[in-house]
Amino acid sequence: MNRFMTDRQKKIFDPTEGNISKAAEILRRGGLVAFPTETVYGLGANALDERAVGKIFEAKGRPGDNPLILHVSCADEASLYAEVTPQALELMKRFWPGPLTIVLCAADVVPLAARGGLDTVALRAPANPAALSLIRKCGFPLAGPSANKSGRPSPTRAIDVLNDIGDSVDMILDGGETGIGVESTVADATEPRLAILRPGAVTREMLAEIAEAGPCSPDKARRSPGTRYRHYAPSVELRLWEDSSQGVFDGESAWCYMGMRKPPKGALRTTIFATPEEYAHGLFSAMRELERCGAKLIIADFPDMPGLGEAIRNRLSRAAGRQ
Ligand code: AMP
Ligand code: MG
């Protein structure tokens, strides 16, 4: 910490054992702590404390009917907050800690505010040592949506959290840039056939090792309010470059580009990713960088590939305002 730091910057701390203990104390008293996970940064609060949960919705400007993910450290802990079916237990054993959120029937102890009034609850154990240590020190589940203003790209760096909601958080644990870069896969496991409510790094193909998994029905989508809202959007227009799209670049002057293919000449700035993993990792930080480069338009390559490609297409479609 140096003396030229602003009060807001002074909220960022390295995730040492001592600082994680301080963070747990803040959370115990009902405060908000942003923490790193392997996907994106989460905005943590005691999920069992309705007032603390209320602060999350206020800080993010998040609609009250959009439920939160409860972060736990293991399957045993999950069973305190949800009805863990044998299939769910198998999923947890295979993919936890990791980027898979599982929606199950909720136990009564989970406040309705945390689950958007639903009878289900979403649970995940994150694969980040600081996050797991924080959850263990707290002894209660952490409600943890992405630590951005609602509708903005998710934060993959502590500075993104500071820029979006720095005034509302009590502390930010800085774990460096997050590895995966897109949010967890959300799978509804309340029925034997899994419904993928949000694609992520645990892909449909990977889930198929344990259970049949498909996209969610319109009815299920209605029950996952997060799938309804415009999301992940930078402050300038984002346009998709699909294989089939003609004339995407025609007549544009102040545009910049991100993607895996080489764009035509003329971009103000270009961010190229070599692999789908790199694209997912850099997607949100590229949106945040490119919106600041003076362009009126970001053109994004829309990768036509299975696996992680599905998660990338989902975030890009929604950032471009498509459902
Ligand atoms: P975020 O908090 O930004 O990571 O988003 C969490 C996502 O999980 C949103 O799309 C929510 O709608 C979804 N979600 C959380 N809890 C539930 C639940 N009980 N049922 C269905 N979807 C859920
Ligand atoms: Mg989010």
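Just follow the structure's listing: the first ligand is 1, and inside any ligand the first atom is 1. Each residue takes its place number in the sequence, starting with 1. The basis for the numbers below is simple: all heavy atoms, side chains too, and nothing from hydrogens, waters or symmetry mates.
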- Give a yes/no verdict on whether any heavy atom in Arg198 is under 4.0 Å from an atom of ligand 1. yes
- Can you find an N/O atom of Thr120 closer than 3.5 Å to an N/O atom of ligand 1? yes
- Which atoms from ligand 1 have a heavy atom of Asn66 less than 4.0 Å away? 9 (C), 11 (C), 12 (O)
- Task: Would you mind reporting whether Ile272 and Pro263 have side-chain heavy atoms less than 4.5 Å apart?
- Result: yes
- Message: Quiz question: by atom type and distance under 3.5 Å, do the side chains of Ser184 and Thr101 form a donor-acceptor pair?
- Response: yes
- Answer yes if the side chains of Arg124 and Thr37 hold a donor-acceptor pair under 3.5 Å, and no otherwise. yes
- ligand 1 atoms nearer than 4.0 angstrom to some heavy atom of Leu197 are 21 (C), 22 (N)
- Give a yes/no answer: is there an N/O/S atom of Ser146 under 2.8 Å from the Mg ion (ligand 2)? yes
- Item | Side chain, backbone, both or neither: the part of Arg124 lying under 4.0 Å from ligand 1 by heavy atom | neither
- What are the atoms of ligand 1, with element, lying closer than 4.0 Å to any heavy atom of Pro145? 2 (O)
- Query: Thinking salt bridges, do Glu242 and Arg322 make one under a 4.0 Å N-O criterion?
  - Reply: yes
- Message: Only heavy atoms of Leu118, strictly under 4.0 Å: list the atoms of ligand 1 that pass.
- Response: 18 (C), 19 (N), 20 (N)
- Task: With heavy atoms of Pro67 as the reference, note each atom of ligand 1 found under 4.0 Å away.
- Result: 11 (C), 12 (O), 14 (N), 15 (C), 16 (N), 17 (C), 18 (C), 23 (C)
- Message: Looking at Asp243 and Arg261, is there a salt bridge between them, counting it only when a charged N and a carboxylate O are closer than 4.0 Å?
- Response: yes
- Task: Anything under 30° is parallel, anything over 60° is perpendicular, the rest tilted; go ahead and classify Trp241 against Phe249.
- Result: perpendicular
- Message: Assess, by modelled atom type and distance only, whether the side chains of Thr16 and Asp14 contain a donor and an acceptor separated by less than 3.5 Å.
- Response: no
- Task: Look only at interatomic distance and state if Glu183 has a nitrogen or oxygen under 3.5 Å from any nitrogen or oxygen of ligand 1.
- Result: no
